[in-house]
Amino acid sequence: MASVHLARLTIRSKVQVRMRVGQAFLSFLLCSIDMSGLSSRDIKLPLHSWENKFARRQNKFYRIQDRTVIDELRADGTFDHDRPRIQLQDLRDASTLTEAFIQSQRNGNLDPSTIFDFCILKDFLGLADIRILQQRHQDTAVWIGTPPESRARTDIVLLDDRYDPNGGTSASRVWDCEEYLERPPVGKNVFVTALELPEFCSRLRRKRIPQPPQGCGAERRTIYVANPSSNSMLALAATVAPANATVLRDFLDRHVASRAYFGASTASAFMPQFVLEFHIPFFSLRRGRGLKDSRLLNGQPFRKSRSLPLPRSQKKDEEQDFFHEAQVSMLLYGIDEWVWTAYCCVDTYFGSEPGHRTYHEGSEDDSGMSYGVDAPSGGSRELRFPTWNPREYFLMVLARRMMQATREWTNLVHVFEERLIHYEETANEDESGMKFPFVDDRFLSKTKQLTWAVSTLQHFRDSLARTLVAWDNFASAELDQFNLGSGEALQSLWWGYIAEIRGHISSLRSLQLVLTQKLELFKEMKNGLTNASSLRESAAATRQNETIGVLTRMTVLYLPASLASSVFSIAMVSSETPWWAYIIVLIATTAVTLFAASKPRVLDHVFRIDD
């Protein structure tokens, strides 16, 4: 039996080697293809699939999650264990910690300049106050004891820590069963609460995997941050494990820069690790001026708020509609399907999710425990029945957040479209409803309105296009990570989430089409207005030149008489000069004037005017 088993292992190894060689050869062929004759769509690459190793416990890598960046930081800003460790209380500002976090795991000669590397994230983290991290756990009463009106302005992190006792030390869990599909276990060591940053840092600096009192016993961890500030992002960067710092750094950089991204990766050079991530930028339409982002970057609001063009009412006392930049981002990484961490960063400054601080507040159950609702999914699931499978949790949150973004986009585009249609119908009408030539006034009011509308349409369309392209890339290459291959009930649930997401993507494509059509129309309207205004200005200039020409001819006509009169009005000329002398002078000056007018080059020569 041992020989048979060994033979099977040998055959399996050979098959795996041949598959890898085949994939490498296919990649070589793609690099050598003449792309002018064959596109990449003509060749179907093998899709990425979920690796079975994540279904087994990777115990030997768990200890890595017990370390944090702030505890492993060295005096020279690295994580080199041969260098002396720096104490947190010795840091005067956040620069050393920020540089160590951003420059972690660089590739040496192939990296770009550190000046421009993650420059937006670096500037944002540079505004953080290191004293937030230096506060001890017992000192958090300084924050917790503040009045409610002051407490409302502090950074709050919603943390959900727990572990599944049913998993134990078993090799794998059966996800496609009633226990996890219908009523998942609530778990042990449940820590569900809203923490301010000093208390949050103190909690995450504790050892994660060991059971209490040695550690938190938190295999499954979710972190939700609404309107993440520079302080809260610094807290996240300081409390992540150094092995995961690069993943979190890229995540925070995409969130700060409002990039659209969907990704699922299982490649890691140092340890088994999967990374699931999405970033969805959108614009939210709200009425009123008071909704501004209090976070700052380079002296300006971190997320911008702008008024929607072409308001139907021009009354000054009427509230305007504003569209606000927003981003919802999620990162989920883990060593296996037991130990994983999820970060969710959401912009809510414009009034979205008004009850996000109370997500974890709920009624008590029979055992006296109080559970709220899941924050990353917007409260769509009770925390009494948590989702333990990382891929299922990612799909659930993605479906909910994609629905949120689609609704916000739909409201914005429909209201803007209605304004555009109203402008089309009324732009060329006067007060009586009669049509008049499509020309601008002397203040270029219509040109400014159309330029504003075209610029906004372009901005909306490009933002939607980036999201759709990011999803298309994800769906074509990485969506197979969510293919179970077995377990009909669970697979049906997952494909239900994916179908919901695809439905939202289809709605976004329709909105993009509307924006594209309106953009082309208003570009033509702007060009027509510009051409009509140019023709009008050209006609006015022609009439002005004709008027100047008439005045010039009249001046030439009266110039000889004026000159002759001036000569004979001189005091030295006798008043008894005969009248025929005046006529002679008048004829002479007229002849000279006509000759000079017919010979312009003579005047050019006299006054030395060069061509």
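Values below: all heavy atoms of this structure, side chains included; hydrogens, waters and symmetry mates excluded. Remember, predicted model here, so these are calculated numbers, not experimental data.
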What distance do [X] atom [atom1] and [Y] atom [atom2] have between them, rounded to the nearest 0.5 Å?
| X | Y | atom1 | atom2 | result |
| --- | --- | --- | --- | --- |
| Leu91 | Thr96 | CG | OG1 | 6.0 Å |
| Arg131 | Asp93 | CZ | CG | 11.5 Å |
| Thr68 | Leu73 | OG1 | CG | 9.5 Å |
| Ile498 | Ile505 | CD1 | CD1 | 12.5 Å |
| Ile280 | Ser463 | CD1 | OG | 11.5 Å |
| Leu310 | Tyr423 | CG | OH | 6.5 Å |

Distance-only polar pair, side chains of [X] and [Y], donor-acceptor under 3.5 Å:
| X | Y | answer |
| --- | --- | --- |
| Asn231 | Ser229 | no |
| Ser284 | Glu408 | yes |
| Tyr497 | Glu392 | no |
| Thr387 | Arg381 | yes |

Contact summary for [X] and [Y], nearest pair of heavy atoms:
| X | Y | answer |
| --- | --- | --- |
| Val373 | Gly379 | CG2-CA, 3.5 Å |
| Ala226 | Thr348 | CB-OG1, 3.8 Å |
| Leu331 | Val275 | CD1-CG1, 3.7 Å |

Counting N and O atoms only, with roles assigned by atom type, does the side chain of [X] sit under 3.5 Å from a partner on the main chain of [Y], one being a donor and the other an acceptor?
| X | Y | result |
| --- | --- | --- |
| Arg249 | Ile102 | yes |
| Ser455 | Thr451 | no |
| Gln320 | Ser307 | no |
| Asn473 | Val469 | yes |
| Ser258 | Arg254 | no |
| Asp321 | Arg287 | no |
| Asp347 | Gln327 | yes |

Would you call the rings of [X] and [Y] parallel, tilted or perpendicular if under 30° counts as parallel and over 60° as perpendicular?
| X | Y | value |
| --- | --- | --- |
| Phe283 | Trp409 | perpendicular |
| Phe251 | Tyr343 | tilted |
| His279 | His255 | tilted |
| Phe262 | Phe474 | tilted |

Candidate pair Lys523 and Lys526, rule side chain to side chain contact (heavy atoms under 4.5 Å, CB included), full reasoning: CA-CA 5 Å; Lys523 278 184 176 180; Lys526 179 185 174 184; 5.7 Å; no
For the residue pair [X] and [Y], is the inter-centroid distance of their aromatic rings smaller than 6.0 Å?
| X | Y | result |
| --- | --- | --- |
| Trp340 | Tyr393 | yes |
| Trp495 | Phe482 | no |
| Phe278 | Phe394 | yes |

Heavy-atom neighbours of Arg306 CZ exceed 12 at 6.0 Å: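 Atom CZ in Arg306 is packed in, count exceeds 12.
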Regarding [X] and [Y], does a basic nitrogen lie under 4.0 Å from an acidic carboxylate oxygen?
| X | Y | value |
| --- | --- | --- |
| Lys122 | Asp117 | no |
| Arg259 | Asp250 | no |
| Glu424 | Arg419 | no |

Sequence-distant partners of Arg509, side chain to side chain donor-acceptor pair (under 3.5 Å), two or more places apart: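 Counting only residues at least two positions away or on another chain, Arg509 forms a side chain to side chain donor-acceptor pair (under 3.5 Å) with Asp472.
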Geometric cation-pi criterion, Arg286 with Phe322: 6.0 Å, 45°: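 Judged by the rule (NZ or CZ under 6.0 Å from the ring centre, within 45° of its axis), Arg286 is not positioned above Phe322.
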Side chain to side chain contact (heavy atoms under 4.5 Å, CB included) partner of Phe282, the single match among Arg401, Met402, Glu325, Gln404: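 With Phe282 as partner, side chain to side chain contact (heavy atoms under 4.5 Å, CB included) holds for just one option, Gln404.
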Asp160: salt bridge (charged side-chain N to carboxylate O under 4.0 Å, His left out) partners, not counting sequence neighbours: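 With neighbours one apart ignored, the set is Arg162, Arg220.
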Stepwise side chain to side chain contact (heavy atoms under 4.5 Å, CB included) check, Val454 with Leu519: CA-CA 6 Å; Val454 168; Leu519 178 61; 3.9 Å; yes
Verdict with supporting geometry, Leu395 and Leu276, side chain to side chain contact (heavy atoms under 4.5 Å, CB included): CA-CA 10 Å; Leu395 287 177; Leu276 310 175; over 6 Å; no
